[in-house]
Amino acid sequence: MFLFRNVLKCSCLFVTVCFMTRDCQGIDLDFQEEFLKREYSLSKPYRGLGFSSSSQWDLMGTAMVTTDHVRLTPDLQSRQGAVWSRIPLVLRDWELKVHFKIHGLAKKNLNGDGMAIWLTKDRMQDGSVFGSKNYFVGLGIFVDTYPNSEKLFDRTFPYISVTLGNGTLSYNHNQDGRPSELGGCAAMARNSIYDNFLLIKYTKNRLTVMVDVDGKQEWRICADITGLRLPLGYYLGASAATGELSDNHDLISIKLYQLTVERTAAEKDNEEEVTLPRVDDMKQFEVIVEEEGMTKIQFFFMLLFAIVGLIVMVVAGFFTYRCWTEKKRKHFY
Ligand SMILES: *[C@@H]1O[C@H](CO)[C@@H](O)[C@H](O)[C@H]1NC(C)=O
Ligand SMILES: [Ca+2]
């Protein structure tokens, strides 16, 4: 019994150390302190979440709290659910760690649609972007589990992407948001045996998204966007949607850490209060999504073949004609 208890104690310690090192990986090389801000976080036990007046979160749609997670949607068709923070985020430098799980009975690529993490001006708005509104103002990070764009097979899904909305920019669901995407990566974050984490870090106008989905307890860079300006006072949220295809979209925790970051005089000058989210150099992100029909290269080759074909036909026709007239002449004499 004594030995058993010691072994238990030891393994407990080991697990604790493991979790501590995982948390430490969020820290950059330049020295930064981080503090968990409970008012912006959501984690077990979810006592009173969405119901009590002291809760900092509101639930919406099909979102449901259990002892183990907040289920945004069940594995059923046409559901939308969300959870939104009641308190606007007024911190300048922060790190957001999201623990989630997407799982369902369907085979790969017969499931959908995915979930989103938000930091937006508006909260609690129904809509067509993973259970929240389109033409949003703010940041949307999407875990897209279904490839809607049938023509483009160059990507593996689930695909994580980052979009910054300014109210006029539209998220195009049929193209998996490619025209408005600032960055992203593939991540095997569905029906995974491992715990799935996203880490979103924002400091000095730089947004970095990292993923940990393959049980290695290491952060892999997914997107790194500089010159991204976000106004203060936006709301944190998470939403998910199913359509014809479905999945369980479970949120286990959202943890917001305040970062303490030193700024040089030059960096202070570069800080600027913005009223609309924007990216300094938008050109670098512009992608050309092929419309249906021919590309320029396809058109060029078609034209080339047509011309060559025409020449061959004319030459062949000419020789046939000469042959025929010659034969006729010989016959005549
Ligand atoms: C919103 O962003 C789009 C794409 O970058 C841009 O074309 C548009 O002018 C922006 N609108 C405003 C109001 O800034
Ligand atoms: Ca999609």
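Small disclaimer: the values here were computed from a predicted structure and weren't measured. Counting convention: from 1, in listed order, for ligands and their atoms alike.
- By the definition of a contact as any protein heavy atom under 4.0 Å away, atom 7 (O) of ligand 1 is not in contact.
- In summary, the side chains of Asp68 and Thr66 do not present any donor paired with an acceptor at a separation below 3.5 Å, with no hydrogens or angles considered.
- For the residue pair Glu181 / Tyr159, a side-chain donor-acceptor distance below 3.5 Å is found, with atom types taken as modelled.
- For atom 4 (C) of ligand 1, the closest non-hydrogen atom of the protein is Leu169 CD1, 3.7 Å.
- Per-atom contact check: atom 11 (N) of ligand 1 touches the protein, criterion being a heavy-atom distance below 4.0 Å.
- When O of Tyr146 and OD2 of Asp144 are joined through the Ca ion (ligand 2), the resulting angle is 110° to the nearest 10°.
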Just do the side chain to side chain donor-acceptor pair (under 3.5 Å) check on Asn148 and Asn174 with the steps written out, would you?
CA-CA 5 Å; Asn148 294 77; Asn174 294 332; 4.9 Å; no

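- Looking from atom 14 (O) of ligand 1 to the surrounding protein, the closest heavy atom is Asn166 ND2, 3.5 Å.
- Remark: minimum distance from atom 5 (O) of ligand 1 to any protein heavy atom is reached at Met282 CG, 3.6 Å.
- Here Tyr159 does not reach the Ca ion (ligand 2): none of its N/O/S atoms is less than 3.0 Å from the metal.
- A salt bridge links Asp122 to Lys133: at least one charged side-chain nitrogen sits closer than 4.0 Å to a carboxylate oxygen.
- Note that CG of Asn191 is 12.5 Å distant from NZ of Lys107, once rounded to the nearest 0.5 Å.
- The distance from ligand 1 to the heavy atoms of Thr168 drops below 4.0 Å at these ligand atoms: 1 (C), 10 (C), 11 (N).
- For the pair Arg322 and Phe319, the cation does not sit on the ring face, since its NZ or CZ is not both under 6.0 Å from the ring centre and inside 45° of the axis.
- Atom 13 (C) of ligand 1 has its closest protein heavy atom at Leu276 CD1, 3.9 Å.
- Ring planes of Trp84 and Trp118: parallel class, angle under 30° (limits at 30 and 60°).
- Rounded to the nearest 10 degrees, the angle OD1 (Asp176) to the Ca ion (ligand 2) to OD1 (Asn148) equals 80°.
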